[in-house]
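Below: one structure, written as structure tokens.
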Amino acid sequence: MASTLDDGDEVEVQGSGSARYTLSRQGRVYACTCPAWRNQGKVIDLRTCKHLRAYLGAEVEDARVGPSGPRPAAGGGGGGGGGRKPAQAKETAPPILLAHKWDVDMAPDGWWMSETLDGVRAYWDGESFISRLGNRFAAPAWFTRGLPEHPLDGELWMGRKLFQRAVSVIRSGDAGKEWKQILYVVFDQPASKSPFEARMDEVRALMGKRGPEFARWHEHVRCDGFDHLRGELARIEALGGEGLMLRRAGSKYEIGRSSSLLKVKTFHDAEARVVGHAPGSGKHKGRVGALEAQLPDGTRFNVGTGLSDDERENPPPVGSVITFRYQELSEDGVPRFPSYVGVRIDAVLPPPGPKKQPSRSTSTSTPRSTSRSTSRSTSTTTSTTTSTTTSTTTSTTASGSSTVTATGAVEMTLGGKFWRVEVKGTKYYVTFGAKGSKGQTRLTECGSEAKARSEAEKKAAGKRKEGYR
């Protein structure tokens, strides 16, 4: 006999063999801790599994998400905002341009700068909005009125620091007039073969006086150099913004990740899977103190900063994918000063790797402000691996340990981690991370080649004492 799950309820059920799983409900999201539910690529309120179907009944689940997963199409999105389809799955993801992260050694002069928006990426295919994963967002007809029949690339955005509120409206099937809080901010026209400047003019004209009511062009400014970039980044972040995007002048629209589009941020962001809820203490006693999160490589850490009181009472369920912000990675690959941003509805993570427990460097304290990612004269953290060439040379001491030379590099490993230092002129680069990954690179400017070589050798000696070889 079928049972029900009320909002906030949890129940344990028997799985295959000796396995037991927990079913839970948070609003529209019905979750299960089984791998089949956790590893689905659908948005979380459209997921189901055999345990939910057995407990709630196949008829209930068919009505909620459809016989094979996503809900069947509902009525059209009329002017009143009622009777619309929730997000629908498509067979393929849209052909969109993706960014690399900016390398501090690359001069930004002449590139186009724009603010990075903390909204939901949305590809307009001429009929509807499509997410990065290929899910269709059900916007009301009055919201999309005036948009062209050809593709646009942009972001469904509510405002700075309102990412989670925007997500709740965009993925809802009954948001109605709440869509009036959303703007479709357009930053490109994918089908055009013209250079970026021409595409920019075309979209600006489209968004003119008679353009769509809820869409606008995303303004870009020419960058004059490092000082201009630093100043603009500081201004945007002071306003609560995410960071900046850099677009190469004259570039064509490319499909996939391209060096013609670069992301510039003081803090990095990433996705992780929720694997548990750590109980709170003090003022948070009786509710969630932190989310227990896991990266695809198996690294585990806690995210306690950034959660609202409501989110501590009703946290993202186990298995959901979250976005978090962090300052840098520790040498064990653990995010430092992680801060919760929100649940992702347009991201899928691969199944988790082997479990790696947090190291002592894991922290849930409030991130400290820093501008290292834009400074040429201070230590800088980026996610771009410093490349080495086959001509790199090292010398070897009597003990067999490598010593850094003025033009060389040395790489050492310990367990599943690697560590590399390389001297380039007056700078030295330290790259570290899990074996097989790109790792994370820190750049330090020393002022002279001799000092760079000396500091790099000290770093290498310290890693040998830790057991790296």
Side-chain angles (χ1 to χ4, degrees), residues 1-71 89 133 135 270-280 286-304 307 311-324 333-334 340 343-345 347-358 362 416 434:
M1 181 176 178
S3 302
T4 60
L5 271 178
D6 292 330
D7 194 1
D9 281 355
E10 287 188 357
V11 64
E12 192 176 72
V13 298
Q14 182 68 49
S16 302
S18 61
R20 297 189 68 81
Y21 301 110
T22 299
L23 308 182
S24 62
R25 179 185 173 189
Q26 298 289 344
R28 289 191 187 86
V29 178
Y30 291 74
C32 179
T33 56
C34 74
W37 189 93
R38 288 189 288 110
N39 297 328
Q40 284 179 50
K42 304 180 183 72
V43 292
I44 59 174
D45 58 345
L46 295 181
R47 297 181 188 180
T48 188
C49 66
K50 65 181 182 181
H51 308 109
L52 283 167
R53 286 187 175 277
Y55 187 83
L56 298 173
E59 185 176 343
V60 171
E61 286 298 85
D62 286 349
R64 186 174 71 88
V65 298
S68 60
R71 297 186 186 106
L133 296 180
N135 296 317
E271 282 71 49
R273 181 177 282 106
V274 177
V275 295
H277 300 138
R287 53 184 181 175
V288 168
L291 302 178
E292 297 174 356
Q294 187 175 32
L295 298 174
D297 68 357
T299 299
R300 285 200 175 196
F301 60 101
N302 288 350
V303 183
L307 293 165
E311 287 162 339
R312 294 185 188 279
E313 297 285 352
N314 303 285
V318 170
S320 56
V321 176
I322 63 167
T323 292
F324 67 97
V334 177
Y340 175 76
V343 174
R344 283 297 299 266
I345 62 173
V348 173
L349 294 183
K355 178 178 175 181
K356 294 167 64 179
Q357 293 294 345
T362 301

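The analysis underlying the following values was restricted to heavy atoms, covering all of them including side chains, and did not include hydrogens, waters or symmetry mates.
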field: Straight-line distance of Leu291 CG to Asn302 CG, nearest 0.5 Å
entry: 8.5 Å
message: Could you report the tightest heavy-atom contact between Leu52 and Trp37, atom names first, then the distance?
response: CD1-CD1, 4.0 Å
message: Could you work out, with side chain to side chain contact (heavy atoms under 4.5 Å, CB included) as the rule, every residue matching Pro279, not counting sequence neighbours?
response: none
- prompt: Do Arg344 side-chain atoms and Ala272 backbone N/O form a donor-acceptor pair below 3.5 Å?
  reply: no
message: Ignoring hydrogens, what is the shortest heavy-atom contact between His51 and Cys32? Give both atom names and the distance.
response: ND1-SG, 3.8 Å
- prompt: Is a donor on one side and an acceptor on the other found under 3.5 Å between the side chain of Gln14 and the backbone of Ala19?
  reply: yes
message: Measuring only between side-chain heavy atoms, which start at C-beta, is Phe324 closer than 4.5 Å to Phe301?
response: yes
statement: Minimal heavy-atom distance between Thr323 and Glu271, with the atoms involved, is OG1-OE2, 3.1 Å
message: My understanding is that only residues two or more places apart in sequence, or in another chain, count here; which of them pass salt bridge (charged side-chain N to carboxylate O under 4.0 Å, His left out) with Arg312?
response: none
message: Is it the case that the side chain of Thr22 and the backbone of Thr33 share a donor-acceptor pair, with hydrogens and angles ignored and the cut-off at 3.5 Å?
response: no
Where Cys49 and Cys34 come nearest, the two heavy atoms and their spacing: SG-SG, 3.8 Å
- request: Please report the closest heavy-atom contact between Pro316 and Val274, naming both atoms and the distance.
  value: O-CG1, 3.9 Å
- prompt: Taking all non-hydrogen atoms of both residues, which atom of Glu10 and which atom of Ser24 are closest, and how far apart?
  reply: CG-CB, 3.6 Å
- request: Please round to the nearest 0.5 Å and tell me the distance separating atom CZ of Arg64 and atom CZ of Arg53.
  value: 8.5 Å
field: For Glu311, all residues meeting side chain to side chain contact (heavy atoms under 4.5 Å, CB included), sequence neighbours excluded
entry: Gln164, Leu307, Ser308, Tyr340
task: Applying salt bridge (charged side-chain N to carboxylate O under 4.0 Å, His left out), name anything that partners Glu12, two or more places apart in sequence or on another chain.
output: Arg20
